[in-house]
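Here's the structure, in structure tokens; my notes come after.
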Amino acid sequence: MILTVAEDQRAPEEDADRLMAALRWRGVPVSFRHLRLDTHGAPETLLSAAAEHAALLVMGGYGRSRLREWIFGGFTRHVLQGAAVPVLMAH
């Protein structure tokens, strides 16, 4: 299952559609679910869903500058510190 949660105004469906097409082309049955932000923010929303639905969380990391991540913290760091399932990172 592909889970997305957006912190900004980007349409997550575009990225999910490309990923689903690539996986289906290789014979992997896959579905898509966009998560609505809860009051705890995007990282917690994703971690809760991953703990419920996934045996492994695969995600890209550090989409923002490292300086911004270092100053404000970030999605990637939060996920790595709080994941209850194994995380495979790709940059």
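None of these values were measured; they are calculated from a predicted model.
- Note that the CG atom of Leu35 and the NE2 atom of His53 stand 7.5 Å from one another [nearest 0.5 Å].
- Listed here is the closest heavy atom pair of Ile2 and Ala16: CD1-O, 4.0 Å.
- Side-chain heavy atoms closer than 4.5 Å link hydrophobic residues (I, L, V, M, F, W, Y) into clusters, and following such links, even through other members, never connects Leu56 to Met1.
- Summarising the geometry of Pro43 relative to His78, their closest heavy-atom pair is CB-CD2, 3.2 Å, with the distance given to 0.1 Å.
- What you find for Val85 and Ala51 is that their closest heavy atoms are CG1-CA, 4.2 Å.
- In the hydrophobic clustering of ILVMFWY residues, with side-chain heavy atoms under 4.5 Å counting as a link, Phe32 and Val58 come out apart.
- Nearest heavy atoms, Ala83 versus Leu47: CA-CD2, 3.6 Å.
- Here CE of Met89 is found 5.0 Å from CG of Leu80. Values are rounded to the nearest 0.5 Å.
- In this structure, CG on Leu57 lies 9.0 Å from CG on Leu88, to the nearest 0.5 angstrom.
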